[in-house]
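We name chains A, B, ... by the order of the sequence lines, and we start the count at 1 in each one.
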Amino acid sequence: MQPLPIRIFFRKKGAAIFISHLDLTRCMSRIMRRAKIPFWYTEGFNPHAYMTFALPLSLGITGLYECMDIKLIEPMPFEEIIERLNNSLPEGLSVFAAALPVHKNTAIAWSRYEVVLQPKDGDSGKLAASLSEFLSRESIITEKKNKAKKMVQIDLAPHIKEYTVTERGEEGNGAVVFLLTLPSGCTDNINPHLLLNLFESESGSGFSSTVARTEVLTADLQKFV
Amino acid sequence: MLNEKLSDILLNVQKPGRYVGGEIGSITKSLADINIRFAFCFPDTYEIGMSHLGMKILYGLYNSIPDVWCERVFTPWTDMEEYMRRLHIPLYGLESGDAIKQFDFVGFTLQYELSYSNILLMLDLAEIPLLSKERTEEHPIVVCGGPCACNAEPIADFVDMFVLGEGEEVSEELFDLYKKHKSGDYSRAAFLLAAANVEGVYVPSLYDVSYKEDGTIAAVTAADGVPEVVKKRIVRDMDNAYFPKNFVVPFIDIVHDRAIAEIFRGCIRGCRFCQAGFLYRPVREKSPDVINRQSRDLCGFTGYDEVSLSSLSSSDYTRLPELLGEMLLWSEEDKVSISLPSLRVDGFSAELTEKLKAVRRGGLTFAPEAGSQRLRDVINKNVREEELLKTCTVAFDGGWTTIKLYFMIGLPTETLDDVAEICGLSQKVVNAFYQNPNKPKGKGVTVTASASTFVPKPFTPFQWEPQDTIEVIHEKQRHLRTSVTSRKITVNWHDADTSFLEAVFARGDRRLAPVLLKAHELGCKFDGWSDFFSLERWQEAFDFCEIDPAFYANRRRSYDEILPWDHLDYGVSKDFLIREHKKSLCAETTPNCRESCSGCGANKLNGGKCDAAVAD
Ligand code: SF4
């Protein structure tokens, strides 16, 4: 049969967030061999498993909506692919869906993130207020490496598509939940850590944070599938 | 399993994948079922330790025992070390994340002498007292094995027991003994005394060493009730020996990231400088069908697409063509490549070359070890120039254009002329390329000659030989450089300073323990890494302890001197080593074990059997 493109959706959390993108690629190709998925190898001098990831995830970020495309050379039901992969995957990685791809990878425009901030002094009210103030500024200027690896100034304010800041938990031991949507994809890409680092240094607030990418969206804010 | 403290710091260190565990194939168990917790420590980085076959075998074997849980531990890189100290995170096992100080055993594998400082570093980070005599019933038993256990004396004060030889054999016996002791009124001393009577176990605190005025050993006296000489253990039947069905497959890139199948142990060659060649005798082969099955299983379980056939000298495996034939039946379809390291020059036959076409070809490396035929005879490296050149020609025919040649400098009896011949031989390889009508078109040849510094090792015929001083080595290195005759030849060499320290510890004795302690205090670690190694710092430690390192590295021993490892029996007899040493001084060679048995004595460990002596 003609190699059939399949999109695999998976989560990456727990200890697995410390797997870099390059290492994940290697891991996944071994997993597919282990799981005996009839996948397609690239042709040519040095054949390797065909695999493309829609949107590489930075080290340390939890991914709840990660996508990887492979090609099948023999038919296999989606449920079986999911089950086989899950039986082979290490802790922290799990597949939750497999389907024929609808969008092209280039259709990705946005990602949604859930950031949980834990204030060092336990005062989540103060942290939430200071974060809200920070986000309401007209411009949020920081530095970022451009494609040519040169540091350039960038204003983050217009890039933040939408956000909410809420408090969670009891007094003195609360957290701030910060939901936001940032540009993603091959043209424009903003890492939420860029914003968090700037906030941390400018506000002087002490906090620890965890970041999860919860959704990947197209330009019209449709779920990428 | 990660605790919160760790998650916070992992984003700030290089390669966090070194510290998280959770890889495919890593084993977690429920503590309720566990009687023995074992921390298998490799005193180097994750990337190096994870590449090591011995660790994979023992990890699998220990965990195959239901009530034993073995975890992996590596030396944290300095960035991680700093965080661990600052946040008071004691060294932990990668599988559970629990501090190893609460384990029953903490085991170190001793692969090279330059890792000794890392052993102290790891004990320190684990919050386990460094000195054996300072440990109590609450502390784990610190056990060491691996090749350097053959002269364990420099670290004897830090270690509770050594396992000599192949760990597969002894471990279960040792675990059973420990369980028996643990279920009663556990006393460390009583357990160690009982363990000292298990064949292959050496408990250094039960052996007293006294010294003569000239610094040499006067006597080694065993305590009552323990054997005077400790004999190493070996696996007798390789086909039925434990071999893991599964490896831990790392996420991060490691040095050797592939499946490994062991094809035989020991070596038939008897190169006189090579410690491994003597330590792992007698030769024991695995059958092709067993290797074939194990390789296939391993690739299936791990998802690896490469399997390497491991041994000290692959082409000496008597049934190599048969094995490759069997493996090629499935490897191509499964898209698995077979790699064959440690090929010998003369093993490169036409038949093999044909088979090897399907086998992964990296750069081509040969190890003539010495430039002149005379010196090759001294070290019993039975490779003739014609053979090397013939093989290179075969390789050039096959399209290879880069050849790497490995040499040693500082070999016994070596002169500056011998050194110059390293370049002479390299030049002949270059000439062979240009004289070859079938050479790859339009390409030049590159020959790299790499020269390491010779380190005399215990249980070799050169165990009595002095190492060249650093000054002499430097002079020889300069001579090597000035002898290069072509731009097609690149020469490089290893740092003489590290080889000097290696030589000190390889044949050191217990009086080096204070030096190690001092060096640890001064911050010596990762001595095998040029970015960390500092001979000045070590010199400071030697000076502080008033120990002259040259006594260990650069002194010729006499045959009747008591050597620090004489109370350990590795199979090869001292008489044999003396015979070999005497022959070496007259540049007289010894035939390889397949041609004729030279009576090294190692076969007595295997009931008189030695696979090398079985002619094919
Ligand atoms: S017993 Fe004989 S054949 Fe076997 S390793 Fe020793 S010398 Fe070689």
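Interface residue A:S88: only backbone heavy atoms are found under 4.5 Å from chain B. B:K15 does not touch chain A: none of its heavy atoms, backbone or side chain, sits under 4.5 Å away. With a 4.5 Å cut-off on non-hydrogen atoms, A:I19 touches chain B through its side chain but not through its backbone. In this structure, no portion of B:S26 lies under 4.5 Å from any heavy atom of chain A.
One distance of note links OH of A:Y41 with CG of B:D305; it measures 6.5 Å at 0.5 Å rounding.
Contact annotation: the side chain of B:F251 never approaches that of A:L24 to less than 4.5 Å [non-hydrogen atoms, C-beta and beyond]. Contact annotation: the side chain of A:R33 approaches that of B:V336 to within less than 4.5 Å [non-hydrogen atoms, C-beta and beyond]. Counting heavy atoms from C-beta outward, B:D253 and A:R26 have side chains that approach closer than 4.5 Å.
In terms of heavy atoms, B:L11 sits closest to A:L59 at CD2-O, 3.9 Å. Closest approach of B:G22 and A:P90 over heavy atoms only: O-CB, 3.5 Å. Taking all atoms of both residues into account, the shortest heavy-atom contact from A:R30 to B:T302 is CB-O, 4.0 Å. B:G303 and A:R34 make their closest contact through N-CG, 3.9 Å (heavy atoms, listed as atom of the first residue, atom of the second, distance).
The local environment of NZ in B:K245 is sparse, with at most 12 non-hydrogen atoms from other residues, nucleotides or ligands closer than 6.0 Å. Applying the 6.0 Å contact sphere to CD of A:E167 captures more than 12 heavy atoms from other residues, nucleotides or ligands. Within 6.0 Å of NZ in A:K126 there are 12 or fewer heavy atoms belonging to other residues, nucleotides or ligands. In this structure, B:K29 places its NZ atom where more than 12 heavy-atom neighbours from other residues, nucleotides or ligands lie under 6.0 Å away. For A:R168, the CZ atom is loosely surrounded, since the number of other residues' heavy atoms within 6.0 Å does not exceed 12.
In terms of heavy-atom pairs under 4.5 Å with chain B, the best-connected choice from A:L93, A:T210, A:D23 is A:D23.
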